[in-house]
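Read the structure below first, then the notes.
Please read these numbers as outputs of a predicted model, since none were measured by experiment.
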Amino acid sequence: MMKIAKSLFVYLSTHTYSNLSRLFLRLFIGVILLQLGVNQMANFESFSSLPGLCGMEGCTTVSVVIAVELICSMLIILGLLTRVAIIPLIIIMASAVGMAMNGMATATGEVFGLQPMMLPMLICGILVFFGIAGPGKISLDYILARYIVSYDSSSTEEEKTLEEA
């Protein structure tokens, strides 16, 4: 019995599911961002009163943010161009943290000790993780990379045979 418990402990301690965990985290953060974009679209009038960023008016800023959140969250869910899709989202979330720190956020109050800036900071942290670790093997990025590598290797072999002939 002790031998079984020991081998089970060693197996569970050393065996990892990194690709499955990246898929879960990618789907989780993608759905959160997608829901955030849909919520902003549904309550567009209340969000358009926020001050604009980068020289744009509030209405234009919110429209751009909604479009970026919807498009980039779908790319993250699919695992397509993940490292590119996180860049605008990190910029948006960093802006949201800055706005919350300056008191410009719409919901100013703590809920269970959480301040309004903590959610965008958490999302930024997860997005930085994907920038470092990548989307994993269960993603369209991985499938496309495998296809491109196999296509490149087959084309170089065809070129070598043509040069020899």
Side-chain angles (χ1 to χ4, degrees), residues 11-149 152:
Y11 176 78
L12 291 175
S13 298
T14 58
H15 197 75
T16 62
Y17 297 98
S18 65
N19 291 311
L20 194 59
S21 17
R22 286 187 216 175
L23 172 67
F24 170 76
L25 195 57
R26 223 180 54 237
L27 293 175
F28 181 76
I29 200 68
V31 169
I32 285 176
L33 289 169
L34 189 64
Q35 183 268 336
L36 189 63
V38 169
N39 184 31
Q40 288 173 352
M41 194 171 14
N43 302 316
F44 185 78
E45 287 81 23
S46 62
F47 287 110
S48 62
S49 64
L50 291 172
L53 298 172
C54 302
M56 295 185 287
E57 295 180 9
C59 184
T60 309
T61 301
V62 173
S63 299
V64 169
V65 167
I66 290 171
V68 166
E69 283 177 348
L70 293 176
I71 293 168
C72 291
S73 65
M74 288 306 297
L75 289 173
I76 288 172
I77 289 171
L78 294 172
L80 180 64
L81 301 172
T82 307
R83 287 185 168 145
V84 174
I86 65 168
I87 294 169
L89 291 171
I90 288 174
I91 293 168
I92 289 171
M93 291 301 139
S95 299
V97 169
M99 290 173 70
M101 289 177 122
N102 291 332
M104 291 188 281
T106 55
T108 59
E110 293 187 5
V111 179
F112 297 117
L114 294 173
Q115 298 173 353
M117 71 184 121
M118 289 185 175
L119 181 63
M121 288 173 76
L122 176 65
I123 292 173
C124 269
I126 294 171
L127 294 172
V128 168
F129 166 78
F130 281 119
I132 295 169
K137 289 185 177 180
I138 310 172
S139 67
L140 288 178
D141 282 346
Y142 182 78
I143 293 169
L144 289 173
R146 296 281 297 197
Y147 175 75
I148 291 169
V149 167
D152 285 345

Practice task
Looking only at non-hydrogen atoms, find the nearest pair between Leu34 and Ser73 and report the distance.
Solution key: CD1-OG, 3.4 Å
Practice task
Report yes if some heavy atom in the side chain of Leu70 is under 4.5 Å from a heavy atom in the side chain of Met74; otherwise report no.
Solution key: no
Side-chain donor/acceptor pairs under 3.5 Å, residues 20-29, sequence neighbours excluded:
| residue | atom | partner | partner atom | Å |
| --- | --- | --- | --- | --- |
| Ser21 | OG | Tyr17 | O | 2.5 |
| Ser21 | OG | Ser18 | O | 3.2 |
| Arg22 | NH1 | Ala133 | O | 2.9 |
| Arg26 | NE | Ile76 | O | 2.8 |
| Arg26 | NH1 | Pro135 | O | 3.0 |
| Arg26 | NH1 | Ile138 | O | 3.0 |
| Arg26 | NH2 | Ile77 | O | 3.4 |
| Arg26 | NH2 | Ile138 | O | 3.0 |

Exercise for the section: Any chance you could measure Cys124, atom SG, to Ile92, atom CD1, to the nearest 0.5 Å? Expected result: 10.0 Å
Problem - Minimal non-hydrogen separation, Leu33 against Glu69, with atom names - result: O-CB, 4.2 Å
Problem - Ile66 CD1 to Leu36 CG distance, which is reported to the nearest 0.5 Å - result: 9.5 Å
Exercise for the section: State, with a plain yes or no, whether a side-chain heavy atom of Tyr142 is found less than 4.5 Å away from one of Asn19. Expected result: no
Show me the donor-acceptor pairs, under 3.5 Å and distance only, between side chains in residues 81-91 and residues at least two apart or in other chains.
| residue | atom | partner | partner atom | Å |
| --- | --- | --- | --- | --- |
| Thr82 | OG1 | Asp141 | OD2 | 3.1 |
| Arg83 | NE | Gly131 | O | 3.1 |
| Arg83 | NH2 | Ile132 | O | 3.2 |

